Amino acid sequence: MGLDLQTLNDVANWMAASGKGILAADESTPTIGKRFDQIGAESTEKSRNAYRDLLFSSNGIEQYISGVILFDETLRQFSLDGGTPYPDYLSNLGIIPGIKVDKGAKPLAGFPGETITEGLDGLRDRLEEYRNLGARFAKWRAVIKIGEDMPSFSSIATNAHALARYAALCQEADLVPIVEPEILMDGEHTVEDSFEVTELVLESVFSELYSQGVVLEEMILKPNMVLSGYECEDQADVDTVAGMTLDCLKRTVPAAVPGIAFLSGGQSDELATAHLSAMNKMAGDGKPWNLTFSYGRALQQPALKAWEGKDENISAAQEAFMKRAKLNGLASVGKYSEDME
Ligand code: 13P
């Protein structure tokens with residue numbers, strides 16, 4: 001099956017389709033290197049190709065995955081079964097190919113410990129090339145930290161401004177922007193702190209998107225969930241996280257946005273699934289946007305562990321990957337339960 005999606009709104013709706021979600025497989029070369037180190041595998045162009053191929057060729061992946069975010073290198077690589085460029089390979093399965101376009105979070109001058117995401121210079125030309133190579137959407141991740149005197153007004157304002165500039169350029173280039181303002185969950189902050197900062201950041205992001213003429217119907221929001229800091233003694237339970245995240249999103253995300261696809265941000269894979277399912281169950285049909293996943297680690301961790309960089313483990317790794325994809329697909333319609341693990 002090929003994909004026949006005419007407008008950016010069609011693409012955004014497909015990305016947020018019910019029962020499915022997005023696989024974030026766009027780790028930069030240094031980041032995937034760290035993941036490979038953890039399983040004792042060497043990171044080379046060939047091994048990265050083999051690993052991404054293992055994920056994309058998992059039997060039935062298209063039942064649960066609506067889109068895949070690729071890194072530049074993978075977008076230009078070919079499937080191992082017959083040399084099809086990955087954007088075509090995925091489209092043939094009915095999965096939308098996308099591309100990470102930011103150049104990473106760099107130190108923000110004057111604000112030690114905070115970052116601004118770079119990559120706007122020359123972005124128009126890069127987007128044109130990516131669209132020609134078959135990408136239909138893009139991703140840009142901004143990173144906000146909670147800590148002593150953090151986040152500063154500056155880090156929120158500069159990152160929101162950059163996200164909106166990126167999103168406007170994407171729509172001009174016929175690409176759906178995934179707008180990702182990630183508030184890190186590292187630290188001792190409480191779930192209430194997380195709520196307050198998430199609300200402030202999302203308000204600021206949507207204000208910039210509005211100022212810069214970004215069409216809300218043609219984008220996907222990729223936020224963090226409202227969670228207790230990982231080092232906070234008092235960890236909010238699943239229902240609290242689900243309820244507070246929903247409340248925060250209802251206050252800040254306009255109904256015109258077709259879909260919200262969460263990042264997992266270092267949560268365990270089981271918790272990331274449980275939180276998503278609880279939100280969908282709680283909100284029922286009374287929410288204006290589809291709520292789904294755009295997980296990296298929470299989808300890939302068990303597969304990486306099973307693979308260990310060895311050919312003989314490919315089937316086991318695919319099985320582990322498909323299990324998480326399926327359970328998250330169920331979570332995206334509120335139908336996951338712990339006993340399915
Ligand atoms: P995690 O789900 O591992 O947080 O990754 C999602 C992502 O794409 C971060 O930009």
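Each residue takes its place number in the sequence, starting with 1. Atoms within a ligand are numbered from 1 in the order they appear, just like the ligands themselves. Quick caveat, the model's predicted, so the values are computed rather than measured.
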Go through the steps for Lys323 and Glu341 under the test salt bridge (charged side-chain N to carboxylate O under 4.0 Å, His left out), then give the verdict. CA-CA 9 Å; Lys323 176 178 169 190; Glu341 296 286 352; 3.8 Å; yes
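Applying the salt bridge (Lys or Arg N to Asp or Glu O under 4.0 Å) rule to pairs touching residues 9-33 yields Asp26-Lys139, Glu27-Arg52, sequence neighbours excluded.
Near ligand 1, heavy-atom contacts under 4.0 Å come from Ala24, Asp26, Lys139, Arg141, Glu180, Lys222, Leu263, Ser264, Gly265, Ser294, Tyr295, Gly296, Arg297.
Remark: Thr115 pairs with no residue by the side-chain hydrogen bond (donor to acceptor under 3.5 Å, both in side chains) rule, at least two apart or across chains. Partners of Phe56 according to the ring-ring contact (aromatic ring centres under 6.0 Å, His included) rule, which considers only residues two or more places apart in sequence or in another chain, are Tyr86.
Classification of Lys100 and Asp102 as a salt-bridged pair holds, one side-chain N sitting under 4.0 Å from a carboxylate O.
Taking the side chain as every heavy atom from C-beta outward, Asn159 and Ile144 approach each other to under 4.5 Å.
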